[in-house]
There are 2 protein chains.
Amino acid sequence: MTETITQSIQDYLKHIYELNENGGSASTNDIAARLNIAPASVTGMLQKLSNAKPPLVIYKKHQGVTLTKNGEKAALEVIRHHRLLESFLVNTLGYSWDEVHLEADKLEHVISEDFEARMAEALGHPTRDPHGELIPTADLTMPLDKSRPLASLRTDETATVKRVSDDDPALLRHLHEIGVIPEVKVTVKNYSEFDGNITLQVAGRKSNVVLGTVITNQVFIEK
Amino acid sequence: MTETITQSIQDYLKHIYELNENGGSASTNDIAARLNIAPASVTGMLQKLSNAKPPLVIYKKHQGVTLTKNGEKAALEVIRHHRLLESFLVNTLGYSWDEVHLEADKLEHVISEDFEARMAEALGHPTRDPHGELIPTADLTMPLDKSRPLASLRTDETATVKRVSDDDPALLRHLHEIGVIPEVKVTVKNYSEFDGNITLQVAGRKSNVVLGTVITNQVFIEK
DNA sequence: AAAGTATTTTAGTCTTGCCTAAATTTTTTG
DNA sequence: CAAAAAATTTAGGCAAGACTAAAATACTTT
């Protein structure tokens, strides 16, 4: 009997997926921090998920956790929902890109496959959401992301903004204000060895902006 | 400390509201049937809701249950969500009127007040959903419904279809096929004393249709 | 009005998903 | 490399919201 994938489980899988994207396996503590629950609760759930049939995660005590193929499919399903929803809300209901995240976090667990398909259709099967994050395909494959942090650019290099971290609405509003949004061309006019500050020229803007590493590590570009 | 209104509670309140609309107080059994749960479970929840502070229902053992003002507001909130969602899904994603119900049942508990407001705005503040059901106003008042069953019309009477019961998708598809949809003018060409059948002329249609009471009691008109 | 039937409530369980406190393991550091 | 610190797991609990079986109440019918 296949395990029922509850809302709570979807949230675990989604966050484990994202943690796996960066470093290898996701730690109990990191998961707990992201889900805002106690680490002890996470341990319990991980045990459950790894004993599910079929297992959704691979879990060895004290060594963090990785998704199985099944777990990954379930995670990508949720992520696809989330990112399509963000696009849809921006497009159809005039949400701004700093407002969509919370709403999508709730809706992603609830919409039907039909709803998902209709959104994709209505939006013309987009490949990125409003923050530039790649949308898993309908057959649940995650496209390869070739972007790297703006922080890695040096003086005189030019690139296109592809993606922006979406979890801080205030940062999103600020980036929008200075024109740093997906598909915009930017040129590094200066890189400071000391503090990592980058002086950036943004296409279509008169004056340059100086961005610290806190920001330049949250903005991703492709050359 | 105000009671948290969970999804489950919202469902109870919504169905109690609808049962209250017809006969006076809602019985344990009727609620159980609508929610597809055991009557014993309903009793437990009713006790909880009537002991909440503030109470959401008025409940006397063995005598069914009624909503308090607070309970009614909460119910109307959910119903407003549901009906706006139905309109929105039909309008924006091309759902047909027999497909929206299930989707709206899940979404109604999850959307924010902001989402609700944006939908209302985008739809031009509609007063009825695709089935013609009245949408509670933004300040949570239910407009007065003056419609009555098509079954109550007699030969040579003419009226406008206002509303159609939305819980049977097959019936909805059939009604759509024969053109019996909100705001359409109809005329009774014949009423049969024996079986209650009504022969109906639908504006814009060539041939008349004969409808039994099962149908004519689910279609509501105004003269 | 008594008997039988239908409805409702009580009592006791179960599962999910979270919690805290304490124990254990792993990692870091002097 | 041992001691301290950090991370993780175990153990025991709790609340929500469902269930079943049995008891109690209310309604119907003769």
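Throughout, protein chains are lettered first and strands after them, A, B, ... in sequence-line order, and every chain is numbered starting at 1.
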Rounded distance in Å - CD1 (I37(B)) to C1' (dC19(D)): 10 Å
Residues touching DNA chain C, which here means a heavy atom under 4.0 Å, drawn from residues 103-112 of chain A: none
Where chain B begins and ends its contact with DNA chain C, read 5' to 3' at 4.0 Å from heavy atoms: dT7(C) to dT10(C)
Side chains of I58(A) and V65(A) in contact at under 4.5 Å (non-hydrogen atoms): no
Residue met sooner reading DNA chain C from 5', once Y12(A) and K61(A) are mapped to nucleotides: Y12(A)
Test: D30(B) and R34(B) ion pair at under 4.0 Å: no
Nearest-Å distance for atom pair CE/P, residues M45(A) and dT9(D): 15 Å
From dT10(D), dA7(D), dT20(D), nucleotide with atom closest to N29(A) side chain: dA7(D)
Under 4.0 angstrom between Q7(B) side-chain N/O and dG17(D) OP1 or OP2: no
Phosphate contact (dT9(D) OP1 or OP2) by T28(A) side-chain N/O below 4.0 Å: yes
Below 4.0 Å: OP1/OP2 of dG17(D) and any side-chain N or O of T6(B): yes
Side-chain N or O of S41(B) closer than 4.0 Å to phosphate OP1/OP2 of dG17(D): no
Nearest-angstrom distance from the residue atom CD1 of I31(A) to C1' of dA7(D): 13 Å
Basic-acidic side-chain contact under 4.0 Å: E86(A), R80(A): no
Closest non-hydrogen atom pair, H131(A) against W97(A): NE2-O, 2.8 Å
Nearest atoms (heavy-atom pairs only) where V180(A) meets V161(A): CG1-CG2, 4.1 Å
Closest nucleotide among dT9(D), dA21(D), dG17(D) to the K48(B) side chain: dG17(D)
Short N-O contact, K162(A) and D145(A), less than 4.0 angstrom: no
Separation of atom CD in Q63(B) from atom C1' in dA26(D), rounded to whole Å: 10 Å
From CA spacing to verdict: ring pair (Phe, Tyr, Trp, His ring centres under 6.0 Å), H82(B), H101(B): CA-CA 8 Å; H82(B) 184 97; H101(B) 194 69; 4.9 Å; yes
From S147(A) atom OG to K223(A) atom NZ, the distance as rounded to the nearest 0.5 Å: 14.0 Å
Spacing between Q10(B) atom CD and dA16(D) atom C1', to the nearest angstrom: 15 Å
Residue S8(B), side-chain heavy atoms: nucleotide from dT9(D), dT25(D), dA18(D) that is nearest: dA18(D)
T92(A) side chain vs L89(A) backbone, donor-acceptor pair below 3.5 Å: no
